[in-house]
Amino acid sequence: MLHLVNKSPFESTGLESAVRYAHKGSPILLFEDGVYAAMAGTAYEDKIKEIMSDHEVYVLKEDLAARGIADRVVDGVKEIDYPGFVDLVEQHKTASWA
Amino acid sequence: MLHLVNKSPFESTGLESAVRYAHKGSPILLFEDGVYAAMAGTAYEDKIKEIMSDHEVYVLKEDLAARGIADRVVDGVKEIDYPGFVDLVEQHKTASWA
Amino acid sequence: MKFGILILEGPYQHESSDSAYHFTKAALEKGHEVLRVFFYQDGVINSTKLMEPQQDDRHIQRRWSELQEKYDLDYVVCVAAAKRRGINDDVIGPGFKIGGLGMLTEVAIEADRVVQFGA
Amino acid sequence: MKFGILILEGPYQHESSDSAYHFTKAALEKGHEVLRVFFYQDGVINSTKLMEPQQDDRHIQRRWSELQEKYDLDYVVCVAAAKRRGINDDVIGPGFKIGGLGMLTEVAIEADRVVQFGA
Amino acid sequence: MGEEEKAEKLMIVFRKAPYGSIYSFEGLENVLIMGAYDQDISILFIDDGVYAIKSDMDTEATGIKNFSPTFRALEAYDIEKLYIDRESLESRGLSVDDLVIKPKVIEADEVEKLMEEQKNFFMF
Amino acid sequence: MGEEEKAEKLMIVFRKAPYGSIYSFEGLENVLIMGAYDQDISILFIDDGVYAIKSDMDTEATGIKNFSPTFRALEAYDIEKLYIDRESLESRGLSVDDLVIKPKVIEADEVEKLMEEQKNFFMF
């Protein structure tokens, strides 16, 4: 199952919920304000790295660019665009942790 | 300064922000989904008790009743109604941590 | 005391517009002055007379309009925010008027307290 | 693959309606079928043709209407949610229609994937 | 699109607190309509959604419609597959005795499993 | 209500992330209007609001209007009292060099003090 997270990890517990319920191996896609969770150098970086030990973490390029953090992505996070987002949804049932 | 918090502490970091910036002695009013932070027996109870060592914590009765938790309030939290809310705002400048 | 009220969220979706209404009513009943209620962001949607909630639910626009009439209140719906969301002079209920964002600054200058409701 | 799209938040206030639009467009461009876009909760406000955003901003209703025309899509605005928020047949833009919540259940039955956007 | 003949597995997930936002109310409206379609419906309560079925709600002073009676009526709609996440419940100071309906208590790792079993599901 | 003669201290607080919601955009519109009233205006960035002034924003692919140029224009409006919370900035992986404007970095305990000094303030 693909888990969609669209809220900043500094403001909302959406990503924590997704991770609590996601089985090992289930991918997580960060978009909208959720992309801040994929930013290097933040207080959340250790947490996202821990999440990446159990899950592929994807981040939406369009939302990274809008926020000026396209060059600050934590190593190992996979950047995708909207067509890539569609492909992921094609491969997985999808839960939205708004 | 009076700090207004209207989001559940399980969903949002609004109360944490309020507490980070609030000076010792500044009151906090929990209303709307914020009232869950004043509920006894939750995983948040220790945290609200810690907050109460530095701040008066108020909770809006109308929102407690709506959620069926009027009889579950942590000891020491002060219950007020809308007229009491107005009185608090009269006494303090007011910040909204939505 | 002179209050100003700022509402940032729409009716029904969030409790904020209910809270703002109950607070405003309580302030008036205590004899305070409410200089202006300013509807901004999705708050502008509180003003539409086109809303038709279920019979057994509150009618948020009508409730605001009745409060306005009773206390002769000043309700301003921000024009820029309203235009984005499809709110204009043809759809606002009695007692609301559309106005510039400067009218929010005026409240900040003149009110003893501005209380904001949202998100 | 057959997609259904569910939108729960209003235009401009949240990025969700932008994300839903870009996703829907990308799915169509990849050759997928989009059985229905269902507008629920504040999502119903995406449909109002009364919106007039600033000249240099996107026009969210018009963008949806153009996509509908290009791909002959089925857009349903939930009647109960719409009535609460002042959205009715007189204000919806081209390509939108107002319909019952059952039409969301139909999508859940028939689509291979329903993707929801909001809050 | 018309009605299908075979029953599909569909689920509504409640995960937001009641009254602060309309999510749980409009989610419940969705359940009632789904109930009329003769499908295989499940309902799941997780996160703050467990608060949606707390007993003793009295919304009169807020002016907002109390939806508790509607949750109580779910059985009349033959919706009987009700689940609730133990950790969400316990961390929020609740037990099944505090609720207006009595969902089956499940563990966190069953949540994704239930979701995966559905044809489709919605989260409110 | 008409314009006042004496300047009042007014403040806008940015505390939400940009683009996910309209809070920062409509908060900025409010700043520009306030700037025309000849008052004593301050701006404060805390929590996710620090992200509102990150440099290098490129919103083209999202279709949303980029408001960075408007923040850059604040000086032209004689709005020079700009503050930012150090902890919010650092915990979000940013330094002042990453920002399109250069607010004065303050500590968390100065935030409430700044708010208290105002006649009124708004939080977006």
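All heavy atoms count here, side chains included; hydrogens, waters and symmetry mates do not. Order of the sequence lines sets the chain letters (A, B, ...), proteins ahead of strands, with each chain counted from 1.
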Residue E/Phe122 versus chain D: region with a heavy atom under 4.5 Å: both
More than 12 heavy atoms from other groups under 6.0 Å of NZ on D/Lys25: no
Neighbour count >12 (heavy atoms, 6.0 Å) for atom CD, D/Gln54: yes
Residue D/Lys97 excluded, over 12 heavy atoms near NZ under 6.0 Å: yes
Proximal component of D/Gln41, with respect to chain E [non-hydrogen, under 4.5 Å]: both
E/Glu117, CD atom: more than 12 neighbouring heavy atoms under 6.0 Å: yes
Under 4.5 Å from any heavy atom of chain D - which part of E/Glu29: both
Closest heavy-atom pair and its distance - E/Phe121, D/Gln116: O-OE1, 4.4 Å
SB check D/Arg84 E/Glu26 (cutoff 4.0 Å): yes
Atom of E/Met123, atom of D/Leu8 and distance for their closest heavy-atom approach: O-CD1, 4.3 Å
Heavy-atom side-chain contact between D/Tyr40 and E/Phe124 under 4.5 Å: yes
Separation between CG of D/Leu104 and OH of E/Tyr37, rounded to the nearest 0.5 Å: 9.5 Å
Flag if over 12 foreign heavy atoms under 6.0 Å of OH, E/Tyr77: no
For E/Leu10 against D/Thr105, the heavy-atom pair lying closest together: CD1-CG2, 4.2 Å
Heavy atoms from other residues, nucleotides or ligands near CZ of D/Arg58 exceed 12 (cutoff 6.0 Å): yes
Atom pair NZ (E/Lys119) and CD1 (D/Ile109), whose distance is rounded to the nearest 0.5 Å: 8.5 Å
E/Lys102, NZ: over 12 other non-hydrogen atoms inside 6.0 angstrom: yes
CD (D/Glu69) with more than 12 external heavy atoms under 6.0 Å: no
Backbone of D/Ala111 reached by a side-chain donor or acceptor of E/Asn120 within 3.5 Å: yes
